[in-house]
Protein chains: 2
Amino acid sequence: MSLYVKVKPPFREAAEELERAFRTRSFVLVIGTCKVDYEGRASSTLDLGERLVIIKQDGSVLVHRPVGYEPVNWQPPKCMLKVNFEDSDSLTVTAARLEPRETVSMEFRDIAVMATCNLKDAGEFALHVTEAQMKEAILAVPELVEQGLRPLQEEKSLGEAGFTDIYAEDSAGNLVVVEIKRNPATKGSLTQLKRYIDTIRKRTDRPIRGIVVAPDLRKSAQPLLHKLQLEYVMLPPERCLVVLKGRKETKLSEFLS
Amino acid sequence: MSLYVKVKPPFREAAEELERAFRTRSFVLVIGTCKVDYEGRASSTLDLGERLVIIKQDGSVLVHRPVGYEPVNWQPPKCMLKVNFEDSDSLTVTAARLEPRETVSMEFRDIAVMATCNLKDAGEFALHVTEAQMKEAILAVPELVEQGLRPLQEEKSLGEAGFTDIYAEDSAGNLVVVEIKRNPATKGSLTQLKRYIDTIRKRTDRPIRGIVVAPDLRKSAQPLLHKLQLEYVMLPPERCLVVLKGRKETKLSEFLS
DNA sequence: CCTTTCAGTTAGTTA
DNA sequence: TAACTAAGTGAAAGG
């Protein structure tokens with residue numbers, strides 16, 4: 001990893017290093033005192049203060065204050081970068097993008113530390129227990145929802161009404177529409193499921209049940225659950241993990257046998 | 001600004017400095033090779049790679065890859081931090097929070113640079129041309145929407161139907177409900193306005209017009225505009241700025257005279 | 001404190 | 001490319 005680190009670089013040196021970094025698409029960190037202006041979809045001003053500025057290898061820009069999760073100002077990837085160093089008491093970096101036309105400019109009055117480098121990161125990122133994985137788990141072990149449930153097809157196209165998550169039959173022969181939510185089910189989840197069911201009812205006379213499967217049900221959605229005659233089954237993500245893990249191990253053992 | 005910067009600190013030194021930084025609620029930067037695990041609402045794994053880790057003075061944590069606007073892993077403010085340095089070939093930082101119970105742990109295999117400091121940032125942040133400011137501009141200069149428009153009251157309470165943005169009368173004596181959107185108006189904006197109007201219609205026999213004021217109208221919303229018998233007036237944020245600026249200058253001149 | 005809505009949302013997926 | 005939808009959404013506003 002190429003690396004440049006300098007405490008209190010003079011503006012002239014900082015400007016040259018920034019030019020070099022932008023040219024070579026390097027990762028840039030600046031801790032310093034600056035004010036920031038943004039002009040675009042909205043516009044904002046940020047008075048002088050000490051912040052961390054990050055300019056990434058894809059041209060995205062982040063201005064972070066000492067607290068808070070979100071950047072106070074930013075620019076998405078692929079924006080054009082320019083350094084401006086004229087008078088000796090300030091150095092300005094401008095990040096512009098078209099579509100939409102937006103500009104963030106950072107005027108530094110002082111630079112405490114500056115670092116540039118080329119980060120190499122090919123590590124794979126995996127987010128587990130997505131809605132798709134919950135579905136996978138349920139299809140593998142339908143008992144997660146109900147004893148005797150038999151999935152019919154993964155997603156039944158319902159035209160403009162959208163898609164169901166799982167379409168199944170219960171032990172009594174009723175049709176069952178299962179709506180999966182990774183987050184606590186809301187009123188929206190219920191009305192969505194209700195729409196699915198109404199659409200299906202027009203095509204068949206078989207009795208239909210609607211089940212919302214989620215780790216939780218918002219209290220505000222509870223009255224609607226009864227009003228729409230739907231059912232709710234609690235399914236914590238951990239249980240899905242167990243099933244998916246078990247399935248993988250099963251697959252492995254099958255492979256080994 | 002107190003400042004510690006070290007290139008390639010040994011893990012032992014890094015661990016001590018991290019302990020000190022966490023204790024004193026300092027701002028921490030680490031550029032290094034790490035893998036990251038997250039466990040909470042969902043769970044994720046991130047294999048080894050070079051990243052920037054930020055730990056802020058309020059206990060928020062950000063793990064940034066060399067590209068992309070968003071952090072690949074994070075932790076919101078106020079989480080508990082712990083350093084773990086046992087074997088000599090890795091150093092682990094764990095950030096945990098309750099409610100919801102979530103944990104991010106970063107295992108460093110190599111630290112290229114580490115910096116800690118105390119950032120002081122009292123600079124005021126101001127986001128201009130919000131929806132409220134568009135409203136302010138329209139109330140000051142109703143012609144921005146239509147010649148002869150006379151605002152009646154800022155927000156008319158409509159019970160559960162929500163709030164209108166501006167309630168007015170046009171030159172022909174019709175009631176006018178103005179819905180302001182800072183962003184391009186969507187189908188949702190139109191149905192929302194329609195709900196307002198339907199609610200008002202139950203209380204009066206006067207003819208009512210509905211106008212959506214926004215910088216743009218989504219193409220997908222156009223058919224609905226006609227179907228719901230609503231009107232659309234384009235209002236770019238710049239024009240609001242001009243009005244607000246003018247108003248401020250007027251105020252100033254009033255003050256000076 | 002809980003719920004709802006908004007965001008300079010961003011990011012991914014699909015028509 | 002444009003429109004739609006989800007997010008470990010986060011953050012603010014309202015009840």
Side-chain angles (χ1 to χ4, degrees), chain A residues 36-46 58 60-63 67-79 95 97 99-104 125-133 155 157 160 162-163 180-184 186-189 192 215-216 218-222 237, chain B residues 36-46 60-63 67-79 95 97 99-104 125-133 155 157 159-160 162-163 180-184 186-189 192 215-223 237:
Chain A
V36 185
D37 285 284
Y38 155 70
E39 200 66 54
R41 285 166 291 182
S43 65
S44 71
T45 55
L46 177 62
D58 59 353
S60 44
V61 177
L62 303 167
V63 181
V67 295
Y69 161 83
E70 293 188 328
V72 60
N73 281 111
W74 71 92
Q75 201 67 286
K78 283 175 280 185
C79 68
R97 69 158 171 164
E99 206 66 25
R101 174 76 187 158
E102 297 197 291
T103 309
V104 171
F125 176 74
L127 181 64
H128 308 293
V129 199
T130 59
E131 228 158 73
Q133 285 182 299
E155 287 183 320
S157 174
E160 60 181 354
F163 288 85
I180 302 171
K181 286 291 164 190
R182 218 161 76 65
N183 295 325
T186 63
K187 283 184 281 190
S189 316
Q192 189 182 2
D216 195 6
R218 281 277 159 75
K219 213 181 338 184
S220 61
Q222 223 143 26
Chain B
V36 185
D37 284 285
Y38 156 71
E39 201 66 55
R41 285 168 290 182
S43 65
S44 70
T45 54
L46 177 61
S60 45
V61 177
L62 303 166
V63 182
V67 295
Y69 162 83
E70 293 186 327
V72 59
N73 282 110
W74 71 93
Q75 201 68 286
K78 285 175 277 185
C79 68
R97 68 160 172 166
E99 207 67 24
R101 174 78 186 153
E102 298 198 289
T103 310
V104 171
F125 176 74
L127 181 63
H128 309 294
V129 199
T130 59
E131 228 160 72
Q133 285 181 301
E155 289 183 319
S157 173
E160 61 180 353
F163 289 84
I180 301 171
K181 286 294 165 189
R182 218 165 82 65
N183 295 325
T186 63
K187 283 183 282 190
S189 317
Q192 189 182 2
D216 196 5
L217 176 69
R218 281 277 159 74
K219 214 181 338 184
S220 61
Q222 222 143 28

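These numbers come from the heavy atoms of this one structure, side chains and all, not from hydrogens, waters or symmetry mates. Everything numeric in this text was worked out from a predicted model, so none of it was measured. Letters A, B, ... mirror the listed sequences (proteins, then strands); counts begin at 1.
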Trainee: Measure CG/A:L62 against P/C:dT10 and give the value in whole Å, please.
Mentor: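 Between P of C:dT10 and CG of A:L62: 11 Å.
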Trainee: Could you write out DNA chain C as a dot-bracket string, with dots for unpaired bases, | for bases paired across to another strand, and Watson-Crick or G-U pairs counted at under 3.5 Å?
Mentor: |||||||.|||||||
Trainee: Hey, which of these two, B:Y38 or A:G68, hits DNA chain D nearer its 5' end, going by closest nucleotide?
Mentor: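 Closer to the 5' end of DNA chain D: B:Y38.
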Trainee: Drop me the distance from B:L217's CG to B:K181's NZ, to the nearest 0.5 angstrom.
Mentor: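 Here the interatomic distance stands at 13.0 Å.
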Trainee: Could you tell me the separation between the CZ atom of B:F125 and the P atom of C:dA7, rounded to a whole number of Å?
Mentor: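 My rounded result for the distance is 13 Å.
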Trainee: Among D:dG8, C:dT10, C:dT4, which nucleotide sits nearest the side chain of A:R41?
Mentor: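 My answer, after comparing the listed nucleotides, is C:dT10.
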Trainee: Take atom CG of A:L127 and atom C1' of D:dT9, then tell me their distance rounded to the nearest Å.
Mentor: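 Nearest whole value for this atom pair: 12 Å.
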Trainee: Should B:V36 and B:V72 count as side-chain neighbours, where that means a heavy-atom distance under 4.5 Å?
Mentor: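 They are not in side-chain contact.
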Trainee: Within the 4.0 Å heavy-atom criterion, would you say A:Y69 contacts the bases, only the backbone, or no part of the nucleic acid?
Mentor: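 The residue A:Y69 makes sugar-phosphate contact but no base contact.
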Trainee: Go through D:dG8, C:dC6, C:dA11 for me and flag the one nearest to the B:K181 side chain.
Mentor: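 When the side chain of B:K181 is considered, C:dC6 is the closest of D:dG8, C:dC6, C:dA11.
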Trainee: Measure the distance from CG on A:N73 to P on C:dG8 and round it to the nearest whole Å.
Mentor: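 About 10 Å, once rounded to whole Å.
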Trainee: So which atom in A:A221 and which in A:T186 form the shortest heavy-atom distance, rounded to 0.1 Å?
Mentor: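 Minimum heavy-atom contact is CB-C, 3.8 Å.
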Trainee: In whole Å, measure the gap between the P atoms of C:dG8 and C:dT4 for me.
Mentor: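 Between the two P atoms, the distance is 22 Å.
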Trainee: Does C:dT4 have OP1 or OP2 under 4.0 Å away from a side-chain N or O of A:K187?
Mentor: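 For C:dT4, OP1 or OP2 has a side-chain N or O of A:K187 closer than 4.0 Å.
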Trainee: To the nearest 0.5 Å, what is the distance between CD (B:E70) and CG (A:L62)?
Mentor: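 If we round to the nearest 0.5 Å, B:E70:CD and A:L62:CG are 10.5 Å apart.
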Trainee: Distance-only, no hydrogens or angles: does the B:E102 side chain make a donor-acceptor pair with backbone N or O of B:Y38 under 3.5 Å?
Mentor: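 Such a contact is absent between B:E102 side chain and B:Y38 backbone.
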Trainee: How far does CZ of A:R97 sit from NZ of A:K78, to the nearest 0.5 angstrom?
Mentor: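 One finds 10.0 Å between CZ of A:R97 and NZ of A:K78.
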Trainee: For the pair made of CG in A:D58 and P in C:dA11, what is the distance, rounded to whole Å?
Mentor: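 That distance rounds to 9 Å.
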Trainee: So, do B:N73 and B:S44 sit near enough that their side-chain heavy atoms are less than 4.5 Å apart?
Mentor: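 When only atoms from C-beta onward are counted, B:S44 and B:N73 do touch, with a gap below 4.5 Å.
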Trainee: Given that B:S44 and A:E70 both sit by DNA chain D, which one's nearest nucleotide is further toward the 5' end?
Mentor: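 The residue mapped nearer the 5' terminus is B:S44.
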Trainee: Using 0.5 Å steps for rounding, measure from the CZ atom of A:F125 to the OG1 atom of B:T45.
Mentor: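 Atom-to-atom, A:F125:CZ and B:T45:OG1 are 7.5 Å apart.
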Trainee: With no angle test and no hydrogens, is the base of C:dG8 tied to the side chain of A:E102 by a donor-acceptor pair under 3.5 Å?
Mentor: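 Per atom types, the contact qualifies.
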Trainee: Any side-chain N or O of A:W74 under 4.0 Å from OP1/OP2 of C:dT9?
Mentor: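 The answer is no; no side-chain N or O of A:W74 sits under 4.0 Å from OP1 or OP2.
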Trainee: Taking atom C1' in both D:dA7 and D:dA11, compute the distance separating them and give it to the nearest angstrom.
Mentor: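 D:dA7 and D:dA11 have their C1' atoms separated by 14 Å.
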Trainee: Taking any heavy-atom pair under 4.0 Å as a contact, classify B:Q75: base, sugar-phosphate, or nothing.
Mentor: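 Base contact - B:Q75 has a heavy atom under 4.0 Å of at least one base atom.
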Trainee: Mind calculating the distance between NE2 (A:H128) and P (D:dA7) to the nearest angstrom?
Mentor: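 Value for this atom pair: 16 Å.
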Trainee: Of A:P77 and A:A42, whose closest DNA chain C nucleotide lies nearer the 5' terminus?
Mentor: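 Counting from the 5' end, the first nearest nucleotide belongs to A:A42.
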